Amino acid sequence: MRLEEEIQRRRTFAIISHPDAGKTTLTEKLLLYGGAIQIAGAVKSNKIKKTATSDFMEIEKQRGISVATSVMGFEYKDYKINILDTPGHKDFQEDTYRTLTAADSVIVVIDVAKGVEPQTEKLVEVCRMRNIPIIVFINKLDRHGKDGFELLDEIEQKLHINVTPLSWPINMGPEFKGVYSIFEQKLNLFTPAKQTIEEYVEISDTSDPVLDEMVGTKDADILREELELVTEVYPNFDHQTYLDGNISPVFFGSALNNFGVMELLNCFIQIAPNPLPYQTEERLIKPTEDAFTGFVFKIHANLDPNHRDRIAFVRVTSGIFKRNVFYHHVRSNKKIRFSSPTAFMAQKKSIVDEVYPGDIVGLHDTGNFKIGDSITEGEMLHFKGIPSFSPELFKYIENADPMKSKQLAKGIDQLMDEGVAQLFVGKTSTRKIIGTVGALQFEVIEYRLLHEYGAKCRYEPITLYKTAWITSKNKAQLDDFISRKSGSLAVDKEGRLVFLAESKYALDLAMEKYKEIEFHFTSEF
Ligand code: G4P
């Protein structure tokens, strides 16, 4: 029974946004409500502001901050809420994709002036692939921005989601007066820089003269008209449709001014899903099952460069994880036990004895874990939906210090397990190719190889457009492809065959010619 109750009260989610839309500010205000932090400014933005220049200190800082803020748990009104932090920088977007595999729902933050920005589009696309329920928070209403209806149209078109507003703003910018909560049928009046709990004005319905008293007749009339239009155009909120990922409620507010945040949180705890079942290759795992299961969705290197220890972040998917109990590491087929599993509450880490489904436990790792690994009580389970994507940037990686080739090999191996980048080894040339989704990763790899492994690497350019994993049921055609394209073939870390396409033309041509070969652009096929 206890397990069931703990699952019911858990909400594990991620906040996603384009940088600068207000993700950090919103996170901080949520933590303030949960009493998890006392002062504003306590949550550090984990974005690397400098994008073009190589600023290693900045990278190091980023790593430090993101360990501290990777998971922020807090208690609010009998609910245990876990916010999974996602990196802001676009070069680390793959980390964000993986973090989303550990979340049961997301809140998307959109800047009222900027509307839907490119990074948000990409991230929401990943959410849609898994039908993750989405709540939208339109931020910075204290500034001038786009008209509410225009924004909702833009969200529907660019993010390909259906929306229904659960609050509606009364003006914006300097004339911003507050929002009308459609969800709770209350008026929430705006006062800049609120430090305390939001105060609502109860109104029976929108014809209530109290509305005119509070916001003036002109604005009250505009609100009435707009709400009428909202009712005509948008469907009523339906909980199940939201849980199925088919409708996204929208809220308006200003995170910086602590406005609309409590309203969002109160609705969130009511409607957001509690820990969901997980699909593995073998079967569906229900959180209520007695036996513990979990998977690694993120690995973080220790900050101390003298120790190569890492923290593996494990999402508990069923049962109760217990300290000092032997569990089965499926990939290595080994028993491992953990004497100091870590729980994450706000910015504090502490050793815990028991961890419930929906929660994230940090496990000390000396190099055993890899992203996607499962840990169970013995059952051989393999989690699905934690793909690597075909990288976009490529370089040859060479050893720049022949005395340190072992260190280099080990370093590359472990960094790849952490999911920093992907490694391909040329089938004929045996040269190593690093593939990444962002330019910054190359710097991170070079820097970390040197500082954590004492190895020096050098990059050399390679002309590559894309890589595709290839498979085929037609052995003759595959053999033909392999013999003709041997110079353009490589293997990934799992030994799977990869086609290195030099150009879009070469890729299109190969796909056209070899009809019975399947070209895969994510590692899960
Ligand atoms: P991010 O994590 O999504 O990248 O965004 P972050 O919260 O860091 O916010 C980006 C900027 O937008 C910050 O200003 C922040 O203060 C501001 N901001 C957030 N919410 C609101 C809001 O509701 N209204 C207004 N007017 N501004 C908001 P900054 O100057 O870049 O940083 P800082 O020096 O204030 O930290």
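One-based numbering, in listed order, for ligands and for the atoms of each. Counting begins at 1 with the first residue of the sequence. As the structure is a computational prediction, the values presented were derived from the model and not from experiment.
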Colleague: Checking Asn266 against Tyr76: is there a side-chain donor and acceptor pair closer than 3.5 Å?
Modeller: yes

Colleague: Test the Lys395-Phe442 pair against the cation-pi criterion, namely NZ or CZ under 6.0 angstrom from the six-membered ring centroid and within 45° of the ring axis.
Modeller: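 Yes, a cation-pi geometry holds between Lys395 and Phe442.
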
Colleague: In ligand 1, which numbered atoms sit nearer than 4.0 Å to a non-hydrogen atom of Asp20?
Modeller: 1 (P), 3 (O), 4 (O), 5 (O), 10 (C), 12 (O)

Colleague: Spell out, as yes or no, whether a donor-acceptor pair under 3.5 Å connects the side chain of Thr241 to the backbone of Phe237.
Modeller: no

Colleague: Which bit of Asp142 is near ligand 1, meaning a heavy atom under 4.0 Å away: side chain, backbone, both or neither?
Modeller: side chain

Colleague: Check ligand 1 against Lys23 and write out every atom of the ligand that is under 4.0 Å from a heavy-atom position of the residue.
Modeller: 1 (P), 2 (O), 3 (O), 5 (O), 7 (O)

Colleague: So, the side chain of Lys23 versus the backbone of Thr86: is there a donor-acceptor pair under 3.5 Å, distance only?
Modeller: yes

Colleague: Under 4.0 Å from any heavy atom of Thr25, which atoms of ligand 1 are there?
Modeller: 6 (P), 7 (O), 9 (O), 15 (C), 19 (C)

Colleague: Enumerate the atoms of ligand 1 whose separation from the nearest heavy atom of Ser17 is less than 4.0 angstrom.
Modeller: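 In order of numbering, the contacting atoms are 3 (O).
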
Colleague: Is ligand 1 under 4.0 Å from a heavy atom in the side chain of Leu26, in the backbone, in both, or in neither?
Modeller: neither

Colleague: Taking only heavy atoms of Ala255, which atoms of ligand 1 are found under 4.0 Å from at least one of them?
Modeller: 23 (O)

Colleague: Applying a 4.0 Å heavy-atom criterion (strictly less than), which segment of Ser254 is in contact with ligand 1: side chain, backbone, both, or neither?
Modeller: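 Contact part for Ser254 vs ligand 1: both backbone and side chain.
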
Colleague: If I apply the N/O under 3.5 Å rule, does Pro19 come out as touching ligand 1?
Modeller: no

Colleague: Heavy atoms only, cut-off 4.0 Å: how does Arg143 contact ligand 1, side chain, backbone, both, or neither?
Modeller: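 Near ligand 1, Arg143 shows its side chain, while the N, CA, C and O stay back.
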
Colleague: Give yes or no for whether the N/O distance cutoff of 3.5 Å, strictly under, is met between Leu256 and ligand 1.
Modeller: yes

Colleague: Could you tell me whether a side-chain N or O of Arg315 sits under 3.5 Å from a main-chain N or O of Ala102, the two making a donor and an acceptor?
Modeller: yes

Colleague: To check you understand the geometry: which heavy-atom pair defines the closest contact between Glu154 and Lys114, and what is its length?
Modeller: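 Between these two residues, the closest heavy atoms are OE2-O, 4.3 Å.
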
Colleague: Does Arg224 come within less than 4.0 Å of Asp212, counting only side-chain N to carboxylate O?
Modeller: yes

Colleague: Examine distances only and state if a side-chain atom of Arg128 and a backbone atom of Leu159 form a donor-acceptor pair shorter than 3.5 Å.
Modeller: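 At least one qualifying donor-acceptor pair exists.
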
